[in-house]
Amino acid sequence: MSVAHGIKLLGVLGAGQMGTGIALVSALRAKVPVLLHDQSKDQVSRGLALMDKLLSKDVAKGRIQSNEAQEARDRVRVVSAIEDMRDVDMVVEAVSENLDLKRTVFRNFSEKLRPDAILATNTSSISITKIAASVIPDGVSPASAGGQAAAGRVVGLHFFNPVPVMKLVELISAVQTTSETLARARAFAEACGKEVATSQDVPGFVSNALLMPFINEAIMCLEKGVATRDDIDKTFRLGMNHPMGPLQLADFIGLDTCLAIQKTLYTGTADSKYRPSVLLERMVDAQWLGKKSGRGFYEYEDD
């Protein structure tokens, strides 16, 4: 039996590529009003410009009508603080892959948003259970009814980049997540036009537990001189029919994101097979982060 998501107002925290994409599909496909917040005004400006560009491209290619694009854009409103999201039915966090940062964000959600709002994280690797534990108020037992109710509304809702294009959302339940929260989150992802795959709350979930070691191993091949950048990527494009090779894919994901996820896998499992490549760490140290910084394994010109 299908479940209505009941989301009449959505909050999105983070106006980077992921947050902007989530806001866009929510407004365009689910037709839900969205409150978008980011501490950086420059990031908000870049995010809105990207949204306008994507909507214009969809109109130009005949995917949507101009009035649909305008209606979607009008549904997105920028707010200046988390407190301005106090009335949302669900909020999706899309900040950097850092557990301490996410814990701080979710404590703020717990204190400043409605007590029945669904609190979703777009993390691609970090434990949903650890994030859920952070929303329990001080002095409240995690085993009490209040503690279980607070943590039970946290869920993993992992969209993929670029959000308007990629068809999948990975749905992850914390140990504490209620069945109602899980069902409503699934229904909302489907309303956004996505297919849903579920994963247990393990480091990297399904997607990155498989993808990141693959990318990391490709970087190690380059680091050791097994093959050149171009031959590594050509092997997977032409030999395995991948749309792009692992090094180019790492650039598109962001090398800082790849490193953060690989570290989560390594520390979360204590398995040496997940040790991040030294070359990957040095490139992040140099701020060669891939497409978003203009240089990674490849060089990129501004669009």
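- With values rounded to the nearest 0.5 angstrom, L28 atom CG is found 7.0 Å from D58 atom CG.
- Evaluation of the salt bridge (Lys or Arg N to Asp or Glu O under 4.0 Å) test over residues 193-221, restricted to residues two or more places apart or in two chains, returns none.
- Without hydrogens or angle criteria, Q287 side chain to V284 main chain gives a donor-acceptor distance under 3.5 Å.
- S125 contributes no side-chain N or O that, together with a main-chain N or O of I261, makes up a donor-acceptor pair within less than 3.5 Å.
- Classified by interplanar angle (parallel below 30°, tilted 30° to 60°, perpendicular above 60°), the ring pair H158/F160 is tilted.
- Of the possible polar contacts, none joining the T121 side chain to the G156 backbone as a donor-acceptor pair under 3.5 Å is found.
- Using a distance-only test at 3.5 Å, with no hydrogens or angles considered, no donor-acceptor pair links the side chain of D256 to the main chain of L289.
- For D52 (side chain) and A49 (main-chain N/O), no donor-acceptor pair under 3.5 Å exists by modelled atom type.
- For S277, the side chain to side chain donor-acceptor pair (under 3.5 Å) partners are E223, not counting sequence neighbours.
- With values rounded to the nearest 0.5 angstrom, M85 atom CE is found 8.5 Å from L10 atom CG.
- By the 4.5 Å heavy-atom criterion applied to side chains, Q262 and I215 are not counted as neighbours.
- With sequence neighbours excluded, no residue forms a side chain to side chain donor-acceptor pair (under 3.5 Å) with K234.
- Listed by chain and number, the residues in a salt bridge (Lys or Arg N to Asp or Glu O under 4.0 Å) with D89 are R114 (sequence neighbours excluded).
- Remark: D271 pairs with no residue by the salt bridge (Lys or Arg N to Asp or Glu O under 4.0 Å) rule, at least two apart or across chains.
- F159 pairs by the ring-ring contact (aromatic ring centres under 6.0 Å, His included) definition with nothing, not counting sequence neighbours.
- Residues passing the salt bridge (Lys or Arg N to Asp or Glu O under 4.0 Å) test with E170: none are found, sequence neighbours excluded.
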Exercise answer: donor-acceptor pairs, residues 31-38 side-chain atoms, under 3.5 Å, sequence neighbours excluded:
| residue | atom | partner | partner atom | Å |
| --- | --- | --- | --- | --- |
| H37 | ND1 | V79 | O | 3.0 |
| D38 | OD1 | S40 | N | 2.8 |
| D38 | OD2 | A15 | N | 2.8 |

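- Side-chain contact between C192 and F188: present, with at least one pair of heavy atoms (C-beta onward) separated by less than 4.5 Å.
- Residues I64 and L55 meet the side-chain proximity criterion, which asks for heavy atoms closer than 4.5 Å.
- Between atom CG of residue N122 and atom CD of residue E93 there is a gap of 7.0 Å, rounded to the nearest 0.5 Å.
- Of the N and O atoms on the side chains of T264 and E97, not one donor lies less than 3.5 Å from an acceptor on the other residue.
- Counting only N and O atoms by type, the side chains of Q70 and R73 include no donor and acceptor under 3.5 Å apart.
- Atom CD1 of I126 and atom CG of N98 lie 6.5 Å apart (nearest 0.5 Å).
- In this structure, the side chains of V92 and L13 stay at 4.5 Å or more apart for every pair of heavy atoms.
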Counting only pairs under 3.5 Å, give me each side-chain donor-acceptor contact of residues 242-253, with atom names and distances, residues two or more places apart or in other chains.
| residue | atom | partner | partner atom | Å |
| --- | --- | --- | --- | --- |
| D251 | OD1 | F297 | N | 2.9 |
| D251 | OD2 | F297 | N | 3.1 |
| D251 | OD2 | Y298 | N | 2.9 |
| D251 | OD2 | Y300 | OH | 2.7 |

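- For S293, there are no side chain to side chain donor-acceptor pair (under 3.5 Å) partners two or more places apart in sequence or in a different chain.
- The ring-ring contact (aromatic ring centres under 6.0 Å, His included) search around F205 returns none, not counting sequence neighbours.
- From M283, atom CE reaches atom CG of L259 across 11.5 Å, with rounding to the nearest 0.5 Å.
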Practice prompt. Mind running salt bridge (charged side-chain N to carboxylate O under 4.0 Å, His left out) on R153 and D116 for me, showing each step along the way?
Written response: CA-CA 7 Å; R153 58 198 180 113; D116 60 342; over 6 Å; no
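- Between the N216 side chain and the Y274 main chain, no donor and acceptor come within less than 3.5 Å of each other.
- Q148 contributes no side-chain N or O that, together with a main-chain N or O of Q176, makes up a donor-acceptor pair within less than 3.5 Å.
- Side-chain N or O atoms of T181 include one that pairs as donor or acceptor with a backbone N or O of G152 at under 3.5 Å.
- Considering CD1 of I7 and OG of S26, their distance stands at 10.0 Å, rounded to 0.5 Å.
- Not counting sequence neighbours, D42 has no partner by the salt bridge (Lys or Arg N to Asp or Glu O under 4.0 Å) test.
- Panel note: side chain R75, backbone A27; a donor-acceptor pair is recorded below 3.5 Å.
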